[in-house]
Asks: 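Submitted below is the structure of interest, expressed as structure tokens.
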Number of protein chains: 2
Amino acid sequence: MAEPTIIDRFREAGLKATPQRLAIYRALARMKDHPSPDALFRAVRGAMPSLSLGTVYKTLDALEGAGLVEEVSRLGETKRYDANLAPHDHLVCTVCRRIADIHVDKRSVKPADLEVEGFEVLEMHVQLFGVCRDCRKKR
Amino acid sequence: MAEPTIIDRFREAGLKATPQRLAIYRALARMKDHPSPDALFRAVRGAMPSLSLGTVYKTLDALEGAGLVEEVSRLGETKRYDANLAPHDHLVCTVCRRIADIHVDKRSVKPADLEVEGFEVLEMHVQLFGVCRDCRKKR
DNA sequence: ATAGATGCAAACTATTTGCATTCAA
DNA sequence: TTGAATGCAAATAGTTTGCATCTAT
């Protein structure tokens with residue numbers, strides 16, 4: 001059996017395969033720099049001048065809801081601050097949005113001054129996503 | 001010699017030690033859930049009813065600039081999307097804001113279903129921050 | 001034919017900015 | 001005394017919503 005096409009995957013998810021959605025999805029799949037809604041809008045608008053930014057937002061929501069795309073940051077809509085300056089990592093409760101500090105031993109993950117394909121890595125942060133004790137109780 | 005007080009650290013950074021700043025900094029240091037500017041505003045306002053939300057924003061900017069506090073997410077101000085559904089990690093250029101995919105071997109970091117103090121961990125994401133090749137060239 | 005999608009505009013939320021007043025040094 | 005900080009209000013950026021129209025099925 002053949003791989004399901006994007007159109008098949010849209011339909012399986014109950015989404016109509018409109019030209020706008022296909023263009024937005026294809027542009028996102030092609031762009032490897034994890035574009036913002038606006039960057040995607042600008043990328044697609046050339047070939048589809050009637051496209052509106054609102055449709056890009058709605059499409060990304062629909063695709064995310066269908067599990068076809070992901071948002072890179074899962075930290076929510078507002079800035080979050082930390083007075084702890086020691087290197088550390090974060091435990092994020094996806095239910096109540098609380099963020100706790102945690103320390104992950106990263107020595108085994110990378111040498112101190114790792115370079116990845118010309119990329120100079122200065123810091124490594126680990127985020128653990130899940131459900132905190134309080135929110136688990138409330139299930 | 002004694003530890004520098006918060007007031008000392010403010011002054012070293014060229015920041016006046018105003019009651020608002022002290023209250024905001026102390027609330028942030030006390031709250032372990034990494035509050036948003038608005039949460040901090042609500043926490044401090046009780047003891048200082050004249051405080052304005054604008055001052056909280058300005059104070060956080062000033063403290064961050066002085067290296068006294070950090071913002072938890074370094075991914076910038078807008079949403080970023082990804083069509084790559086395979087588990088993977090991210091390389092973030094702090095100069096041009098480009099985000100690239102990378103795969104970090106996390107087997108050594110945690111067992112598959114790690115629990116941290118009652119926290120049910122569902123996913124682990126690693127973010128490497130640094131400077132990409134293009135931006136390094138431009139230095 | 002019709003439920004769902006689009007495009008436009010208005011609304012909303014988070015954040016930033018401008019400026020007159022106040023205050024820490 | 002004085003430059004920096006505050007508080008208020010207006011401005012901006014990003015995102016969401018409402019709704020009339022259109023279109024994929």
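For clarity, every value in this text was computed on a predicted model and none was experimentally measured. The sequence lines fix the lettering, A, B, ..., with proteins before strands; numbering per chain opens at 1.
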Asks: Of B:Gly54 and A:Gly14, whose nearest nucleotide on DNA chain C comes first from the 5' end?
Replies: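 On the 5' side of the pair lies A:Gly14.
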Asks: DNA chain D: B:Thr55 or B:Tyr81, which has the more 5' nearest nucleotide?
Replies: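 The residue mapped nearer the 5' terminus is B:Thr55.
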Asks: Within the structure provided, determine whether A:Leu51 and A:Ile24 are in side-chain contact (heavy-atom separation under 4.5 Å).
Replies: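 When only atoms from C-beta onward are counted, A:Ile24 and A:Leu51 do touch, with a gap below 4.5 Å.
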Asks: Does the side chain of B:Gln127 pick up a donor-acceptor pair with the side chain of B:His125 at under 3.5 Å?
Replies: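 No donor-acceptor contact under 3.5 Å links the two side chains.
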Asks: Taking the nucleotide of DNA chain D with the nearest heavy atom to each, does B:Glu77 or B:Thr59 sit closer to the 5' end?
Replies: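 On the 5' side of the pair lies B:Thr59.
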Asks: Sort and list the pairs that fulfil ring-ring contact (aromatic ring centres under 6.0 Å, His included) and have at least one residue in residues 42-75 of chain B, not counting sequence neighbours.
Replies: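 Listed by first then second residue: nothing to list.
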Asks: Mind listing the residues from residues 27-43 of chain B sitting with a heavy atom below 4.0 Å of DNA chain C? Number order is fine.
Replies: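 By residue number: B:Pro37.
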Asks: Round to the nearest Å and state the distance from B:Leu60 atom CG to C:dT17 atom C1'.
Replies: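 The answer, rounded to whole Å, is 16 Å.
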Asks: When rounded to the nearest 0.5 angstrom, what is the spacing between CG in A:Leu128 and OG1 in A:Thr94?
Replies: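 A:Leu128 CG to A:Thr94 OG1: 12.0 Å, rounded to 0.5 Å.
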Asks: State which residues pass side-chain hydrogen bond (donor to acceptor under 3.5 Å, both in side chains) with A:Thr5; sequence neighbours excluded, sorted by chain then number.
Replies: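 In terms of side-chain hydrogen bond (donor to acceptor under 3.5 Å, both in side chains), with neighbours along the sequence ignored, A:Thr5 is linked to A:Asp8.
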Asks: In whole angstrom, what separates A:Asp61's CG from D:dT15's C1'?
Replies: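 In whole Å, D:dT15 C1' lies 9 Å from A:Asp61 CG.
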Asks: Between C:dT15 atom P and B:Lys79 atom NZ, what is the distance in whole Å?
Replies: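 Rounding to the nearest Å, NZ of B:Lys79 and P of C:dT15 are 14 Å apart.
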Asks: Atom OH of A:Tyr57 to atom P of D:dT17: distance rounded to whole Å?
Replies: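 For the pair A:Tyr57 OH and D:dT17 P, the rounded distance is 13 Å.
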Asks: Name the nucleic acid region contacted by A:Thr78, choosing base, sugar-phosphate or nothing; use a 4.0 angstrom heavy-atom cut-off, strictly under.
Replies: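 A:Thr78: backbone/sugar contact only, no base atoms under 4.0 Å.
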Asks: Measure the spacing between CZ of A:Arg80 and CG of B:Asp33 and express it to the nearest 0.5 Å.
Replies: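 A:Arg80 CZ to B:Asp33 CG: 6.5 Å, rounded to 0.5 Å.
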Asks: Just verifying a value: how many Å separate B:His90 NE2 and B:Asn84 CG, rounded to the nearest 0.5 Å?
Replies: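 The NE2 atom of B:His90 sits 7.0 Å away from the CG atom of B:Asn84.
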Asks: CZ of B:Arg80 versus C1' of D:dG14: gap in Å, rounded?
Replies: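 After rounding, the reported distance stands at 14 Å.
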Asks: Whole Å only: how far is the CG atom of B:Leu63 from the P atom of D:dT6?
Replies: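 Value for this atom pair: 10 Å.
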Asks: Between atom CE in A:Met48 and atom C1' in C:dG7, what is the gap in whole Å?
Replies: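 Distance check: A:Met48 CE to C:dG7 C1' gives 13 Å.
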Asks: Any ion pair linking A:Arg42 and A:Asp38 (charged N to carboxylate O, less than 4.0 Å)?
Replies: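 Answer for the salt bridge query: yes.
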Asks: At under 4.0 Å between heavy atoms, which parts of nucleotides 19-25 of chain D does protein reach? Answer with one letter per nucleotide, 5' to 3': B base, S sugar-phosphate only, - none.
Replies: B----BS
Asks: Taking only residues at least two apart or on different chains, which pairs with a member in residues 3-30 of chain B satisfy ring-ring contact (aromatic ring centres under 6.0 Å, His included)?
Replies: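 Every pair satisfying ring-ring contact (aromatic ring centres under 6.0 Å, His included) with a residue in residues 3-30 of chain B: B:Phe10-B:Tyr25.
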Asks: Going by distance alone, is a donor N or O of one side chain under 3.5 Å from an acceptor N or O of the other, for A:His34 and B:Asp101?
Replies: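 B:Asp101 and A:His34 do have a side-chain donor-acceptor pair below 3.5 Å.
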Asks: In degrees rounded to 10°, what angle is found between the helical axes fit to the five outermost pairs at each end of the helix from C:dA1-D:dT25 to C:dA25-D:dT1?
Replies: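 So the angle between the two local helix axes works out to 40°.
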Asks: From CG of B:Leu22 over to P of C:dC23, roughly how many Å is that when rounded to an integer?
Replies: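 That distance rounds to 16 Å.
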Asks: Got a second to check how far B:Cys132's SG is from B:Ile99's CD1, nearest 0.5 Å?
Replies: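 Going from the SG atom of B:Cys132 to the CD1 atom of B:Ile99 covers 12.0 Å.
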